[in-house]
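Here the structure is laid out as structure tokens; the discussion comes afterwards.
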Protein chains: 2
Amino acid sequence: MPRKADHDQRRRQIAEAVWRLATRGGLEDVTLRQVAAEAEVSVRLLQYYFGTREQLLLGALEILNDDAEQRARERLAMLGEAPGMHAIVRGVLLELLPLDEERRNRHLVYAAYFVRFLTDPALAKVAHDAPRALENLVADLIAQGQETGQVPRTIDAAAEAAFLVAGAEGMQSSILLRQRSAEDAVAVIDHQLARIFTTNGE
Amino acid sequence: MPRKADHDQRRRQIAEAVWRLATRGGLEDVTLRQVAAEAEVSVRLLQYYFGTREQLLLGALEILNDDAEQRARERLAMLGEAPGMHAIVRGVLLELLPLDEERRNRHLVYAAYFVRFLTDPALAKVAHDAPRALENLVADLIAQGQETGQVPRTIDAAAEAAFLVAGAEGMQSSILLRQRSAEDAVAVIDHQLARIFTTNGE
DNA sequence: ATTTTTGTGGTGCGATCGAACCATAACTCG
DNA sequence: CGAGTTATGGTTCGATCGCACCACAAAAAT
């Protein structure tokens, strides 16, 4: 009895195989045969569920994006009710870091796709334009903090937001390369937040 | 008359073809045949000058690294004599950004190699561990600025250096994806530098 | 009950891949 | 001049690639 959930689950199973192979050896290891073996299905099934290889890469990325959005939403909701601006901004920035195996792998998959984002129009549309939205969100939060007196008026909200998001993204790479520990990165971010939010929120 | 420089020049010619293909379609487009066509030499020559494909990828990366180091040195030397700490730190940070086509392409090549750095030991050794050294350099420069009164004593040199370098690296990605203009990125960095260096150097 | 949709496997074809092999210019050094 | 190194081209082989084609079971819809 093929319920509709089964179809999605199968696609997810295959997509996860794509992710694993991509993180291991880049997109060039993501061949139909290797994905089939990794997902323990037949090559024919890949074609049935995704079609061509290009569509497989695209589909696996879309599923990854949906995953990321949902997990981020969950984690931010876990902050509890009525958190201070400081805590919200901190939560948003930490979401950019590969703090657990799941996020680490996700960022590695993005890295494997990266160059394609620039040349492949189909991938570019799905690509990670989230940072820009995040930056505006952080800027708004800082501006709100200025209204409530948690942030000095002398702070340039937009410029600080841009640098906070960029800093988090920059440390993401060095964490992936294991040049820096996740704890280090969090400490560096907290140092900047302490400068901007002079009074502790909540 | 095969002077020794000819040999290196041929290797460079081939390496440049590797770079172009890698920036266009990732490492999976870097096949022996395609590189040969792009460099306008025979496949046999690739094997002669680099050996196996794995060695070709490694060699092209080494040449790229040497290039980057030399160009960076040149640009920093062009700052003139006895520049202030502020100018030096600014020069170091801007070197991380893809401000011209040459640096843009170089960063794209690194992006294409990225996932391999984590799994391939040979590539990992050559990989970009420069950031860590840069971070220490920036920290030292800020500390020197404190000695000469250009930087307030309340500044945490190490933490600020880490965030400056991370911020520059983070904006590098968004510039590559054309989500942000190079001028924007420079302005954001200058805003942070103005906060740290309260008196103008020199 | 039978027709249609959905899910699954296998297999084969043409293209391309990396790498090895064979040949031979051209230049260097004795 | 001759021996040897360096530089270059062409070709072929086995493996793998993406993908299309054929067949069939199981469930859904009619």
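Every chain is numbered from 1, with letters handed out A, B, ... down the list of sequences.
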### Task
Quickly work out the B:Leu45 CG to C:dA25 C1' distance and round it to whole Å.
13 Å

### Task
Quick one: closest heavy-atom pair of B:Ile175 and B:Ser181, and the distance?
CG1-O, 4.4 Å

## Note on the structure
In short, A:Leu32 meets A:Leu46 closest at the heavy-atom pair O-CD1, 3.2 Å

#### Entry: Lys/Arg-Asp/Glu bridge criterion (N-O < 4.0 Å) met for B:Asp100, B:Arg71
no

### Task
May I ask you to verify if any side-chain N or O of A:Tyr48 is less than 4.0 angstrom from the OP1 or OP2 atom of C:dG7?
yes

### Query
What integer distance in Å separates A:Arg44:CZ from C:dG12:P?
16 Å

#### Entry: Ion pair A:Glu95/A:Arg103, N-O distance below 4.0 Å
yes

### Query
To the nearest angstrom, how far is A:Ile14 atom CD1 from C:dG7 atom P?
11 Å

### Query
Can A:Thr52 and A:Glu54 be counted as having a side-chain donor-acceptor contact under 3.5 angstrom?
no

### Message
Could you tell me how far apart A:Glu28 (CD) and C:dG18 (C1') are, to the nearest whole angstrom?
### Response
12 Å

### Message
Distance check needed: C:dG7 C1' versus A:Arg11 CZ, whole Å only.
### Response
14 Å

#### Entry: Integer-rounded Å distance: C:dT8 C1' and A:Asp6 CG
14 Å

#### Entry: Side chains of A:Arg132 and B:Arg180 in contact at under 4.5 Å (non-hydrogen atoms)
yes

### Message
Less than 4.0 angstrom between a side-chain N/O of A:Tyr49 and OP1 or OP2 of C:dT6, yes or no?
### Response
no

### Query
With the threshold set at 4.0 Å, does a side-chain nitrogen-carboxylate oxygen contact exist between A:Glu62 and A:Arg11?
no

### Query
Quick one: A:Asp8 CG to C:dT6 P, roughly how many Å, whole number?
14 Å

Nucleotide N/O of nucleotides 17-19 of chain D paired with protein N/O under 3.5 Å:
residue: D:dC17; atom: OP1; partner: A:Thr31; partner atom: OG1; Å: 3.3
residue: D:dG18; atom: OP1; partner: A:Arg53; partner atom: NE; Å: 3.1
residue: D:dG18; atom: OP2; partner: A:Leu32; partner atom: N; Å: 2.8
residue: D:dG18; atom: N7; partner: A:Arg33; partner atom: NH1; Å: 2.7
residue: D:dG18; atom: O6; partner: A:Arg33; partner atom: NH2; Å: 2.9
residue: D:dC19; atom: OP1; partner: A:Thr52; partner atom: OG1; Å: 2.8
residue: D:dC19; atom: OP2; partner: A:Thr52; partner atom: OG1; Å: 2.9
residue: D:dC19; atom: OP2; partner: A:Arg53; partner atom: N; Å: 2.7

## Note on the structure
Separation of D:dA27 atom P from A:His7 atom NE2, nearest Å, is 17 Å

#### Entry: Short side-chain N/O contact to C:dT8 OP1/OP2 from A:Arg10, under 4.0 Å
yes

